[in-house]
Structure formats: C-alpha cells, structure tokens
A.B. asks: 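Would you mind keeping the following structure in view while I ask a few things?
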Protein chains: 2
Amino acid sequence: MNENLDTHIYKMLTEAGLYHTENRVLILKILFNARKPISQEAISSKSVKHFDKVTIYRTLESLIKAGIVHKAFINKRASHYELAHRCTTKQCHPHFTCTKCGSTHCLVDLSMPMAAANHKGFTITHQQVHLEGLCPACSQ
Amino acid sequence: MNENLDTHIYKMLTEAGLYHTENRVLILKILFNARKPISQEAISSKSVKHFDKVTIYRTLESLIKAGIVHKAFINKRASHYELAHRCTTKQCHPHFTCTKCGSTHCLVDLSMPMAAANHKGFTITHQQVHLEGLCPACSQ
DNA sequence: ATCAAATATGCAACTAAGTTGCAAATGTTA
DNA sequence: TAACATTTGCAACTTAGTTGCATATTTGAT
Ligand SMILES: [Mn+2]
Ligand SMILES: [Mn+2]
Ligand SMILES: [Zn+2]
Ligand SMILES: [Zn+2]
C-alpha cells in the first residue's frame, strides 16, 4: 500500500510536470492520510520533518496550480487544503462543519444538484456547498 | 425613504435589545445600501465618519449575535458581512463570485434544495452554497 | 433634569495567516 | 559531471482580527 502510494504520488508529480522533491511527496502523503481539509499549521504539526511555513504554502500553491490540491473553504482565517481527487470540475463534495466541536468533514457521498449553468446573465461554472450542524459524535 | 430606513433600523435595534447608537445606525445603513457582503475595510471606506476598526468589528459582532447581520463567507482572508434579512434560518441565498473581476453577488432568487436534515449521523441545520463563474458584465 | 448602571467606544498593543525577496540547496537533463 | 531550472529556508513584512483598559454614551429609574 505504501509502495502503491509512493508510485501514485510519483506519477501524479510527473504528469503535472513538477519536480519530484522530498517535501512535495511528504506533504502529499499527509494530505492523503488526512482525508479532510487541513490547514498549513495542521500539515506542519503532522509532519515529523520540520518544514518552513513558506515552503508549505509554496508547495501547496504548486499543487493547486497543477490541480492536485484545492482550497476547500476558509475556516477561522486559515484556509484548509485537501486533495482534489474526490471532486469534479463543476462541484466539490459538500463540506460539513460541526458547530459544537468545530471539526470538519467531507460528505463525499452526499450528492447535491448543480445550480443551472446560467442564471440572469451569470455563467455558473463551479458550485461549493457548505453545511453546518452537529457531527455524529456531537449529535448524541 | 430615508425616514423609513431610520425608523426601520430604530425598530430592529429596539427589538434586538441593543442600544440605539450613532455608529450602529451608520453601519447598518452602509450594509443596507451595499446590497451584498462587504468587508470591515469596505464599511470603513464607505463611511464619511471615521470609525476605529475595532468599533466596526464589535458593532458587527453585536449585530450578528442579534441575528441582524451574518458572515456570508470569507474571501481573501477578510470576512464579508451583509444583512441577514434575505436568508432563512436553514439556508442563505447562494453567493456568487466572478472569477474574472472578483466581484461578489447575492443570487437571492436562485433557490437551491436543502440537503436532508440527517446524513449518516450528521445533523444538518444550515446550508451555504457558493457559486463561481462569470458575472453578467464579464460574460460578454 | 439627574444619577447610576449597563453598554459602547477609541487607542495601543498584540496574535497569527499569508506574502515577498533573496541567497543557498536540490532536482533534471544532457 | 556540468548547466540550468526549480525549490527551499530565512528574515522581514503586511494585514485581519483580538484583547485590555480607560473614557464616553445610552438607558431607565427617580
Ligand atoms: Mn473537497
Ligand atoms: Mn446572504
Ligand atoms: Zn462535533
Ligand atoms: Zn465579473
């Protein structure tokens, strides 16, 4: 599985025309394992190796430009990043924020209908749905 | 019309149990006139009177707590504020951001179906839809 | 009108997310 | 291995938002 992940990441970077650097691979692995949007600070603290925060921001920037990563939404002034592999070009899965514990979750199996592509002169190309309420743990 | 707005604002503040202060009224008028989410910085620059930014943040905070104002979404690290009068408790109208000119719009007449109130243990109480694409001016 | 209590305001100082410039290090290709 | 392109770390900076505190304003009761 680790072998597969390394190979997968290697291929992704090659296809994107990005240098295959240690930092890029480590950050991608952290994002793969997180399975939800996380902040620069969270990436930093999940990492064994010390990263300069500028390096993390610039690495994320390059991955976003390549379409591998995207910003999910902004929570408490810090953007949260996740892999883009479970989103279409027109719509990301809905994101959920618990109003009690503050945790965020990707509701990848909750499908939401897209708004019409045109609405009173607006050309709508992308839709993002943000949900709030209580997470399973806090619903009890 | 100005007479009506003053009266309306006065009533809103009274009903919310908030002091009827000059600053609160001025900021509410700016929000009424803006007709879209705007930042603290924008409120400040639209105002003839000089406001301390802390005053604006604390005024908005009190209005949010009273349910009169809410944060629409966060754009470029700065929250954008608008009146809550065109939103229900469960769902705000969709917000649109133009990818070309960066302008934001409230699509108050574009209705989006609510996600189910329950989904795999999540209790969903609020939904926010964010759309992207080209605004009428940029669509030409 | 006057006063006391509650609330709002302005100022200075602070925290923290994200950015920029630049020199040194690393990855790629030949 | 050499030349070139890209990435990295560091220091310094910008700016949204917060906090503490002393002063000013609003309100309701007298
Ligand atoms: Mn996503
Ligand atoms: Mn709104
Ligand atoms: Zn929770
Ligand atoms: Zn536009």
Side-chain angles (χ1 to χ4, degrees), chain A residues 6 9-30 37-66 68-82 102 104, chain B residues 6 9-30 37-66 68-82 102 104:
Chain A
D6 279 335
I9 285 174
Y10 195 97
K11 276 183 190 163
M12 284 170 76
L13 292 176
T14 304
E15 279 164 25
L18 290 171
Y19 279 20
H20 178 243
T21 70
E22 185 194 5
N23 288 348
R24 205 113 70 183
V25 173
L26 287 174
I27 290 174
L28 275 173
K29 279 187 182 174
I30 289 169
I38 55 175
S39 65
Q40 177 275 323
E41 172 57 33
I43 292 171
S44 185
S45 65
K46 278 177 195 293
S47 173
V48 177
K49 181 194 170 190
H50 166 75
F51 286 114
D52 189 279
K53 67 171 179 172
V54 181
T55 301
I56 298 178
Y57 282 123
R58 288 201 273 227
T59 299
L60 291 168
E61 193 185 15
S62 68
L63 295 171
I64 289 170
K65 202 175 169 188
I68 295 168
V69 167
H70 68 181
K71 295 192 188 186
F73 57 89
I74 300 181
N75 192 34
K76 291 167 193 155
R77 285 180 74 231
S79 295
H80 287 63
Y81 303 89
E82 70 172 357
T104 61
Chain B
D6 280 335
I9 286 174
Y10 194 97
K11 277 183 188 163
M12 285 170 76
L13 292 175
T14 304
E15 280 165 24
L18 291 172
Y19 279 19
H20 178 244
T21 69
E22 185 194 4
N23 288 348
R24 206 112 71 183
V25 174
L26 287 175
I27 289 174
L28 276 173
K29 279 187 183 174
I30 290 170
I38 56 175
S39 66
Q40 177 275 322
E41 173 57 32
I43 292 171
S44 184
S45 66
K46 278 177 195 291
S47 174
V48 177
K49 181 194 169 189
H50 165 77
F51 286 115
D52 189 281
K53 67 171 179 172
V54 180
T55 301
I56 298 178
Y57 282 123
R58 288 201 273 227
T59 299
L60 290 168
E61 193 185 15
S62 69
L63 294 171
I64 288 170
K65 202 175 170 188
I68 295 169
V69 167
H70 68 181
K71 295 191 189 188
F73 57 89
I74 300 182
N75 192 33
K76 291 168 195 153
R77 286 180 72 232
S79 294
H80 287 62
Y81 304 88
E82 70 172 356
T104 62

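Please read all numbers here as calculations on a predicted model, not as lab measurements. Below, read A as the first sequence line, B as the second, and so on, with proteins coming before strands; counting in each chain starts at 1.
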A.B. asks: Using whole Å, report how far CG of B:Leu28 lies from P of C:dA8.
C.D. replies: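 One finds 13 Å between P of C:dA8 and CG of B:Leu28, rounded.
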A.B. asks: Can you tell me how far apart CG (A:Asp52) and CD1 (A:Ile56) are? Round to the nearest 0.5 Å.
C.D. replies: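 Output value for this atom pair is 8.0 Å.
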A.B. asks: Counting primed atoms plus P, OP1 and OP2 as sugar-phosphate and everything else as base, spell out the protein contacts along nucleotides 21-30 of chain C at 4.0 Å heavy-atom distance: B, S or - for each nucleotide, 5' to 3'.
C.D. replies: BB----BS--
A.B. asks: When you compare the side chain of B:Thr104 with that of B:Ile38, does any pair of heavy atoms fall below 4.5 Å?
C.D. replies: no
A.B. asks: In whole Å, what is the span from the OH atom of A:Tyr57 to the C1' atom of D:dC10?
C.D. replies: 16 Å
A.B. asks: Figure out the CG/P separation between B:Asp52 and D:dA22, and round it to whole Å.
C.D. replies: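 For the pair B:Asp52 CG and D:dA22 P, the rounded distance is 17 Å.
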A.B. asks: Give the rounded distance in Å between these two atoms: CD of A:Glu41 and P of C:dA16.
C.D. replies: 10 Å
A.B. asks: Filter on side chain to side chain donor-acceptor pair (under 3.5 Å), then keep only pairs touching residues 15-24 of chain A, sequence neighbours left out; what's left?
C.D. replies: A:Asn23-A:Lys49, A:Arg24-A:Ser62
A.B. asks: In whole angstrom, give the distance that lies between atom NZ of A:Lys53 and atom P of D:dT8.
C.D. replies: 17 Å
A.B. asks: Out of D:dG9, C:dG18, C:dG10, which nucleotide sits closest to the side chain of B:Lys49?
C.D. replies: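 Closest of the options to the side chain of B:Lys49: C:dG10.
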A.B. asks: Could you tell me the separation between the CG atom of B:Asn23 and the P atom of C:dT7, rounded to a whole number of Å?
C.D. replies: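 It works out to 17 Å between those atoms.
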A.B. asks: Using whole Å, report how far CZ of A:Phe51 lies from P of C:dG18.
C.D. replies: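 Answer to the nearest Å: 17 Å.
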A.B. asks: What distance separates A:Leu60 CG from A:Arg58 CZ, expressed to the nearest 0.5 Å?
C.D. replies: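 A:Leu60 atom CG to A:Arg58 atom CZ measures 12.0 Å (nearest 0.5 Å).
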A.B. asks: Tell me: CG of B:Leu60 to P of C:dT9, nearest whole Å?
C.D. replies: 11 Å
A.B. asks: Carefully, step by step, assess B:Glu61 and B:Val69 under the rule side-chain contact (heavy atoms from CB on, under 4.5 Å).
C.D. replies: CA-CA 8 Å; B:Glu61 193 185 15; B:Val69 167; over 6 Å; no
A.B. asks: Just to be sure I understand the rule, does B:Thr59 reach a base, reach only the sugar-phosphate, or reach nothing, if contact means heavy atoms closer than 4.0 Å?
C.D. replies: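 Counting heavy atoms under 4.0 Å across all strands, the contact made by B:Thr59 is with sugar-phosphate only.
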A.B. asks: Working to the nearest 0.5 angstrom, can you tell me the gap between B:Leu13 CG and B:Ile68 CD1?
C.D. replies: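 Spacing of CG (B:Leu13) from CD1 (B:Ile68) equals 5.5 Å.
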A.B. asks: For B:Phe51 and B:Ile27, what are the C-alpha separation, side-chain angles and deciding distance, and is it a side-chain contact (heavy atoms from CB on, under 4.5 Å)?
C.D. replies: CA-CA 10 Å; B:Phe51 286 115; B:Ile27 289 174; 4.0 Å; yes
A.B. asks: Among D:dA16, C:dA8, C:dC11, which is the nearest nucleotide to the side chain of B:Arg24?
C.D. replies: C:dA8
